Amino acid sequence: MAELSALAPRVLCLGEALVDRLGPLGGDPSTASAADCDDRLGGAPANVACALARLGTPVGLIGRLGEDAIGAAFRDLFRQRDVAVQALQRDASHRSRVVLVRRHANGERVFQGFAGDQALGFADQMLDRDELEAVWPGLAEQSRWLLVGTIPLASMASADCLQWVLAQAKAAGLALAVDVNWRPTFWNPEADPAAGPTADAQALIQPLLEQASLLKLAREEALWFFGSDDPAVIAAGLPQQPDVVVTDGAEPVRWFIAKEAGSMPVFPPAQVVDTTGAGDAFTAGLLHCWDRPVRERLRFASACGALVCGGAGAIDPQPQEQDVSAFLKECV
């Protein structure tokens, strides 16, 4: 059987691969000792790519990492997971990003800043369009989906590269999935981690939302960007009337897919160790079984999110398809 990395990706994920530095429960990762913190590989596009590969969907990552220990760890991880890396760039001048994550006692987390850039910027901000142009034809040939978030728009070079990819993906007939993943600290490291988007950020993000075939938002993101958490209202307000999924933590997930609206309770995790990456696992589960009936897609995606909460970090606890199937059987 061929390795996934040898196959044309069905899903291309574009964006950041980074380290989540998880502080001690209730503590501050910026002041805690290294022994009290837990460094985990993450970043939403990398999380989704690894989760898709774990589930068995051929997937590739478009991104950029430093020539450092973090970059080496990611390259090893992608090799192990069979994530295609033809478009994973190396940067000798900029370091891979470290995100400081404060964890509350209930497992919820807050992204509160970064470590390691020395005012030079991070590798993920420096996506090189020329390098991408050289490998794009092989990536796009048999791909079906392009998945992106909004973070690449926060930096000039990565935003330019994203715009180029969007145009190429449209020409190649790829469906665009957008997971908004609003993180104010990526736009302004001094911003309140709970703040909504500024007017300038909204202006940059809105054209991306208007191109999506599938739009996935957390409830607070839906309210910030659309003034409504009703997926049907959100879809009606966009020119292409996309499929829309709105998640709300432990509350029911709501959707407007194939012109039909619905909602469904999510599966509660058996235990909550860390909620980092639960939304990314949900997104991966949704794309993995997109051809199935709508409720089956949402049940599968919800199970993926619940299972990730049972372990530390976003990637290590990601389930295989048989794990999700076993979980769903227990929930009948």
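Keep in mind that this is a model prediction, so the values were computed, not measured.
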Side chain to side chain, [X] and [Y], heavy atoms closer than 4.5 Å:
X: K259; Y: Q241; answer: yes
X: P197; Y: W182; answer: yes
X: D91; Y: L65; answer: no
X: D243; Y: W255; answer: no

Please test F282 against V253 for side chain to side chain contact (heavy atoms under 4.5 Å, CB included), starting from the C-alpha separation and ending with a verdict.
CA-CA 11 Å; F282 179 98; V253 59; 3.9 Å; yes

For Q318 and R81, test the side chains for any donor-to-acceptor distance below 3.5 angstrom and give the result as yes or no.
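Q318 vs R81: donor-acceptor pair found between side chains.
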
Identify the residue among [options] that makes a side-chain contact (heavy atoms from CB on, under 4.5 Å) with [X].
X: V148; options: L176, V180, L153; value: L176
X: F78; options: L41, V59, V83; value: V83
X: T247; options: E221, R219, K216, R254; value: K216

Let me confirm one number: the [atom1]-[atom2] distance from [X] to [Y], rounded to the nearest 0.5 Å.
X: T150; Y: Q202; atom1: OG1; atom2: CD; answer: 11.0 Å
X: L14; Y: I62; atom1: CG; atom2: CD1; answer: 4.5 Å
X: E330; Y: S325; atom1: CD; atom2: OG; answer: 11.5 Å

Kindly determine whether F122 and H94 satisfy side chain to side chain contact (heavy atoms under 4.5 Å, CB included), including the steps that lead there.
CA-CA 5 Å; F122 296 103; H94 301 89; 5.8 Å; no

Does Q322 have more than 12 heavy atoms from other residues, nucleotides or ligands lying within 6.0 Å of its CD?
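Yes, the 6.0 Å shell around CD holds more than 12 heavy atoms from other groups.
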
Heavy-atom neighbours of M264 CE exceed 12 at 6.0 Å
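Result for CE/M264: enclosed.
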
Tell me if a side-chain donor or acceptor on [X] pairs with a main-chain N or O of [Y] at a distance below 3.5 Å.
X: Q240; Y: A212; answer: yes
X: E251; Y: D248; answer: no
X: S155; Y: A157; answer: no
X: D323; Y: Q320; answer: yes
X: E260; Y: F256; answer: no
X: R297; Y: R292; answer: yes

In sequence, state the C-alpha distance, the side-chain angles, and the governing distance for S302 and F267, and then conclude on side chain to side chain contact (heavy atoms under 4.5 Å, CB included).
CA-CA 6 Å; S302 174; F267 295 110; 3.3 Å; yes

So, are [X] and [Y] salt-bridged, with charged N and O less than 4.0 Å apart?
X: R183; Y: E16; value: no
X: R97; Y: D20; value: no
X: E131; Y: R64; value: yes

Shared ILVMFWY cluster between W164 and L166, side chains joined below 4.5 angstrom?
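Yes, same cluster.
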
Let me know which of D179, N47, N181 forms a side-chain hydrogen bond (donor to acceptor under 3.5 Å, both in side chains) with T283.
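Only match with T283 under side-chain hydrogen bond (donor to acceptor under 3.5 Å, both in side chains): D179.
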
Please name the pair of heavy atoms, one in [X] and one in [Y], separated by the smallest distance, quoted to 0.1 Å.
X: L286; Y: A301; value: N-CB, 3.7 Å
X: S213; Y: P242; value: O-CB, 3.4 Å
X: G71; Y: S96; value: N-OG, 3.7 Å
X: A177; Y: L287; value: CB-CD2, 4.4 Å

